[in-house]
Amino acid sequence: MTTTRTTRRTTVRPDSRLIPFVIQRESEEAAPDNLRLTPLGGGRYQLRYADEDPRDRDLRGVLWARCGLSPVDDHGQPTGRPQWRMMHPLRQRGCMQTLRCQVCAGPARTPLGWIFLAGPNAVDPSAEPVLTSQPPVCPEHARTAAELCPHLTDEPMVFLARSAPLYGVNGVGYGVRDRNVQVVERPTGPLPYGHPLMLTVLASQMVRRLGVFRLFSLGELFTVLERTT
């Protein structure tokens with residue numbers, strides 16, 4: 001697997017604001033593209049890397065986009081100027097897969113479930129299914145995430161979910177065009193695991209389905225959580 005090696009160094013951040021763990025940093029560039037399509041028979045193909053490593057696929061076997069990793073500081077946090085509108089594919093996937101906080105990467109579960117935040121018009125709570133590519137947040141960093149993340153507002157929609165099973169991924173579909181392996185499909189929304197296109201998808205974000213949840217404002221959320229302590 002071709003990645004940028006992670007090293008540790010002591011840094012003093014010029015910006016005192018906390019930077020969420022999942023945010024991509026300026027030095028974390030997409031890895032060189034060495035994608036291949038392997039015939040499986042019956043006219044089917046599978047997308048792979050020429051030098052594929054087991055870490056290139058998630059638990060459901062979907063191939064993921066590679067991205068460099070910046071050096072980390074004494075607290076194990078990535079360094080470098082934040083690219084606020086981008087989530088690092090590997091860190092987003094890790095937080096979603098293990099349901100850890102997108103800000104601190106610590107456990108996100110509360111006695112009442114997991115906290116997911118959404119910006120205005122980003123998620124329709126009446127839709128079926130209700131999907132999100134935003135990892136959960138822990139109670140300590142819920143307000144921090146709302147203040148820092150560009151897709152949110154100071155008063156985001158707050159989903160307190162007791163159930164949030166894995167749904168699928170956001171990504172693009174590859175095929176052969178002009179004798180080259182390149183993007184041939186750009187789905188307009190998340191693809192569920194098991195979708196026929198998954199064999200040739202390169203994923204960039206993991207998606208969960210919010211099954212059983214309640215909607216709150218941030219103030220209401222903290223009031224409800226305080227009652228459980």
Side-chain angles (χ1 to χ4, degrees), residues 1-9 19-73 76-100 102 105 131-135 165-208:
M1 176 178 178
T2 304
T3 58
T4 302
R5 189 173 182 178
T6 302
T7 57
R8 186 174 296 276
R9 70 182 182 194
I19 301 171
F21 176 74
V22 297
I23 294 297
Q24 191 164 315
R25 304 305 180 94
E26 196 169 66
S27 62
E28 296 177 325
E29 302 295 337
D33 185 349
N34 61 349
L35 293 167
R36 303 288 186 270
L37 283 169
T38 301
L40 299 177
R44 298 186 308 148
Y45 291 83
Q46 183 177 43
L47 188 68
R48 65 178 181 84
Y49 288 110
D51 58 344
E52 190 166 315
D53 182 282
R55 293 168 294 181
D56 288 319
R57 294 187 182 273
D58 64 23
L59 294 176
R60 304 289 181 90
V62 177
L63 192 66
W64 276 71
R66 289 176 173 178
C67 189
L69 294 169
S70 69
V72 297
D73 62 17
Q77 295 297 309
T79 59
R81 187 183 300 276
Q83 305 297 292
W84 285 105
R85 295 190 176 277
M86 300 175 66
M87 288 190 289
H88 190 284
L90 184 62
R91 292 197 292 270
Q92 189 271 355
R93 169 180 142 193
C95 286
M96 283 295 262
Q97 200 161 269
T98 58
L99 287 169
R100 299 182 78 82
Q102 65 168 279
L131 305 176
T132 182
S133 61
Q134 291 294 325
L166 286 175
Y167 175 83
V169 300
N170 286 322
V172 293
Y174 276 74
V176 175
R177 180 179 291 165
D178 299 327
R179 299 185 179 181
N180 294 314
V181 176
Q182 56 185 286
V183 176
V184 296
E185 294 194 53
R186 298 184 182 275
T188 57
L191 292 173
Y193 284 115
H195 191 282
L197 192 60
M198 280 300 191
L199 284 172
T200 55
V201 158
L202 188 67
S204 57
Q205 294 181 345
M206 185 170 280
V207 176
R208 284 188 176 269

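The CD atom of Q134 lies 5.0 Å from the CD atom of Q102; values are rounded to the nearest 0.5 Å. We find the SG-CE distance between C95 and M87 to be 9.5 Å, quoted to the nearest 0.5 Å. A distance of 12.0 Å separates CG in L197 from OH in Y174, rounded to the nearest 0.5 Å. For the atom pair SG (C67) and CD (Q92), the distance works out to 12.0 Å, reported to the nearest 0.5 Å. Separating the CD atom in Q83 from the CD1 atom in I19 is a distance of 10.5 Å, to the nearest 0.5 Å. Atoms CD and CG, from E29 and L69 in turn, are 12.5 Å apart once rounded to the nearest 0.5 Å.
Between L35 and L63, some side-chain heavy-atom pair lies under the 4.5 Å cut-off. With a 4.5 Å cut-off on side-chain heavy atoms, V169 and R60 do not count as touching. Using a 4.5 Å heavy-atom cutoff, the side chains of P20 and W84 are in contact.
With sequence neighbours left out, the side chain to side chain donor-acceptor pair (under 3.5 Å) criterion links N170 to Q205. Applying the side-chain contact (heavy atoms from CB on, under 4.5 Å) criterion to P165, with sequence neighbours excluded, gives S163, R209. With sequence neighbours excluded, the residues forming a side-chain contact (heavy atoms from CB on, under 4.5 Å) with L199 are L40, R44, Q46, listed by chain and number.
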- Are T200 and E185 close enough, and set up right, to give a side chain to side chain contact (heavy atoms under 4.5 Å, CB included), and what steps lead you there? CA-CA 10 Å; T200 55; E185 294 194 53; over 6 Å; no
- Message: Pair V172, V201 - check side chain to side chain contact (heavy atoms under 4.5 Å, CB included), show working.
- Response: CA-CA 5 Å; V172 293; V201 158; over 6 Å; no
- Task: Take R66 and Y49 through the side chain to side chain contact (heavy atoms under 4.5 Å, CB included) test and state the conclusion after the steps.
- Result: CA-CA 10 Å; R66 289 176 173 178; Y49 288 110; 3.5 Å; yes
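The list of salt bridge (charged side-chain N to carboxylate O under 4.0 Å, His left out) pairs with a residue in residues 84-95, not counting sequence neighbours, reads E28-R91. Within the structure, side-chain hydrogen bond (donor to acceptor under 3.5 Å, both in side chains) contacts touching residues 187-199 (residues at least two apart or in different chains) are D58-Y193.
Nearest approach of P39 to L37, heavy atoms of both residues: CD-O, 3.8 Å. Smallest separation of non-hydrogen atoms from S27 and T79: OG-O, 4.4 Å. Residues G173 and P187 approach most closely at N-CD, 4.4 Å, considering heavy atoms. P89 approaches A65 most closely through the heavy-atom pair CB-O, 4.0 Å. In plain terms, the two heavy atoms of M96 and P135 that are nearest each other are SD-CA, 3.3 Å.
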Listing, residues 176-183 side-chain donor-acceptor contacts under 3.5 Å, not counting sequence neighbours, or none:
| from | atom 1 | to | atom 2 | distance (Å) |
| --- | --- | --- | --- | --- |
| N180 | ND2 | D178 | O | 3.4 |
| Q182 | NE2 | R177 | O | 2.7 |

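Taking a cutoff of 4.0 Å between a charged side-chain nitrogen and a carboxylate oxygen, R36 and E52 do not qualify as a salt bridge.
A donor-acceptor contact under 3.5 angstrom links the side chains of R48 and T38, judged on distance only.
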